[in-house]
2 protein chains.
Amino acid sequence: MPLPSSTVENYLKTIYKAQAAQRDHGRLVPMGHLAQALNVVPGTATTMVKALAESGLVHYEPYAGVRLTPAGEKLAALVLRRHRLIELFLVKVLGMSWAEVHDEAERLEHAASDKLIDRIDNMLGRPATDPHGDPIPDSSGSMVVRDYQTLLTCPLGTPVVLTRVTDQDAAFLRFLEGNSLKPGQKLRIEARDDAADQVVVRGKRDAKITIGMRAAAKLQVAPAEPEG
Amino acid sequence: MPLPSSTVENYLKTIYKAQAAQRDHGRLVPMGHLAQALNVVPGTATTMVKALAESGLVHYEPYAGVRLTPAGEKLAALVLRRHRLIELFLVKVLGMSWAEVHDEAERLEHAASDKLIDRIDNMLGRPATDPHGDPIPDSSGSMVVRDYQTLLTCPLGTPVVLTRVTDQDAAFLRFLEGNSLKPGQKLRIEARDDAADQVVVRGKRDAKITIGMRAAAKLQVAPAEPEG
DNA sequence: GCCCGGGTTTTGAGTGGTCAAAAAACAAAG
DNA sequence: CTTTGTTTTTTGACCACTCAAAACCCGGGC
């Protein structure tokens with residue numbers, strides 16, 4: 001049981017996220033999808049996944065796909081935990097922009113010890129979510145998954161709070177930041193227009209922001225709490 | 001010119017430190033020494049060093065040893081910079097013990113971006129030395145090397161300040177910490193006894209501390225400044 | 001039922017880093 | 001100058017990870 005290389009960690013993390021993305025939790029992730037997400041050629045993914053299956057971290061069905069075993073799931077969750085705590089730390093403590101912390105965390109997550117991660121967790125007050133609103137697993141690998149609406153599915157007119165952004169692309173995040181679209185921000189959907197592919201929202205100081213529907217689908221919201 | 005792998009960085013760093021340890025700056029580091037320091041078999045070091053020579057980072061003379069080229073020296077200094085800034089950061093900001101930061105920094109130094117390192121440097125106020133008193137190279141790779149006395153060579157009786165500890169072993173550092181022997185601490189050498197292999201110093205609140213001569217040689221000191 | 005195309009697996013090869021063990025070079029001493 | 005012992009280099013092999021390209025499987029359409 002050698003401790004997993006950063007390659008292994010990346011495979012597990014990617015499978016985990018792919019599994020989470022397809023709402024059915026038990027469905028298999030197709031090899032092609034995995035290979036693409038990892039930026040490797042399909043054959044490489046096959047080889048690697050077979051090795052992961054060998055060590056009991058994934059369940060692999062030839063020509064069908066792959067799914068994490070409980071062991072793999074736990075490992076993946078801990079990688080995600082490291083990643084998200086590091087991201088939050090870089091933003092909160094070092095003052096980095098949320099648009100640039102992803103790549104940094106992508107490398108640091110494989111180098112940080114549990115001890116360090118725990119100190120960070122503690123210093124940040126055991127936070128529940130990272131700067132993008134993604135939930136942070138606890139040190140045992142479990143986390144609360146909440147099901148949010150998106151700007152595409154939530155009701156018009158009623159006030160909502162932006163809770164999560166499901167895309168880490170730096171340019172996209174910079175765009176959001178420029179429009180004060182960060183988790184915690186109160187919003188109201190003004191209009192949706194399928195034909196024009198646009199969603200109009202009122203944000204900070206009632207500023208009007210128009211975004212495309214593909215982008216809107218990446219913004220998750222919750223009903224706004226009544227004013228405190 | 002692919003960016004150096006962490007293996008390459010470790011080779012360069014190790015050669016750099018070995019070169020610094022033997023006061024003659026231009027002398028070659030023997031392969032055996034390098035291999036031992038890197039915890040690899042000698043043949044491995046030979047192979048790797050030939051590759052480094054190929055890419056112009058070291059000067060290699062068969063059966064004689066290696067020395068860094070200017071390019072290699074700069075790279076090594078930047079690795080050292082990352083390492084030491086990270087160590088200081090872990091101590092100052094995250095409150096970790098100076099005995100445990102070395103291993104952590106050993107891994108993080110290969111994952112941290114220049115941008116992150118610069119933020120850390122800035123947050124710490126562009127410090128000159130790390131928690132062990134080792135000088136921190138600036139972002140161009142140059143640093144001020146000061147030549148200190150050690151507890152073995154400094155004059156008896158006169159007050160001195162502990163400035164640098166040249167051993168990163170965790171157990172040794174914990175021992176020092178337990179006796180308040182950290183850089184900045186004022187000391188006075190009470191006695192040295194070659195036969196008994198011991199050096200007696202007065203430290204914090206005049207506490208008497210006796211240490212062996214091999215240990216004493218690892219503690220560097222400077223003449224104490226007159227009281228401010 | 002057969003074929004076709006897209007996804008998947010195999011195969012063969014390459015890279016970076018490593019070891020074990022045999023071979024070669026060197027230094028130092030007789 | 002030769003012998004001995006230590007250090008260094010070479011050789012052949014291996015592991016983890018990767019790719020390119022050929023071979024393969026499988027679900028749909030006809």
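Chain letters run A, B, ... following the sequence lines, proteins first and then strands; every chain starts at 1.
A nucleotide of DNA chain D counts as in contact with chain B when one of its atoms lies under 4.0 Å from a heavy atom; the first and last such, 5' to 3', are D:dT8 to D:dT10.
Taking the ring axis of A:Tyr60 as reference, the NZ or CZ atom of A:Lys50 does not stay both within 45° of it and closer than 6.0 Å to the ring centre.
Using a distance-only test at 3.5 Å, with no hydrogens or angles considered, a donor-acceptor pair links the side chain of A:Ser97 to the main chain of A:Ala99.
Between the CG atom of B:Asn10 and the C1' atom of C:dT18 there is a distance of 14 Å, given to the nearest Å. Whole-Å rounding puts the B:Gln36 CD to C:dC19 P distance at 13 Å. Rounded to a whole Å, the CE atom of B:Met31 is 14 Å from the P atom of C:dC26.
A salt bridge does not link A:Glu109 with A:Arg84: every distance from a Lys NZ or Arg NE/NH1/NH2 to an Asp or Glu carboxylate oxygen is 4.0 Å or more. Salt-bridge check for B:Arg81 with B:Asp121: passed, with a basic side-chain N closer than 4.0 Å to an acidic carboxylate O. Using a cut-off of 4.0 Å between Lys/Arg side-chain N and Asp/Glu carboxylate O, B:Arg126 and B:Asp118 are scored as salt-bridged. A salt bridge between B:Glu87 and B:Arg82 is absent, with no side-chain N of the basic residue lying under 4.0 Å from a carboxylate O of the acidic one.
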Produce the list of close N/O pairs, under 3.5 Å, pairing protein atoms with atoms of nucleotides 11-17 of chain C; give distances to one decimal.
residue	atom	partner	partner atom	Å
C:dG17	OP1	B:Ser5	OG	2.5

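A side-chain donor from one of B:His59 and B:Glu61 sits under 3.5 Å from a side-chain acceptor of the other.
Applying a 4.0 Å cut-off to non-hydrogen atoms, the residues of residues 53-68 of chain A that approach DNA chain C are A:Tyr60, A:Pro62, A:Tyr63, listed by residue number.
Classified by interplanar angle (parallel below 30°, tilted 30° to 60°, perpendicular above 60°), the ring pair A:Trp98/A:His132 is parallel.
Within 6.0 Å of NZ in B:Lys74 there are 12 or fewer heavy atoms belonging to other residues, nucleotides or ligands. Heavy atoms of other residues, nucleotides or ligands lying less than 6.0 angstrom from CG of B:Asp114 number 12 at most.
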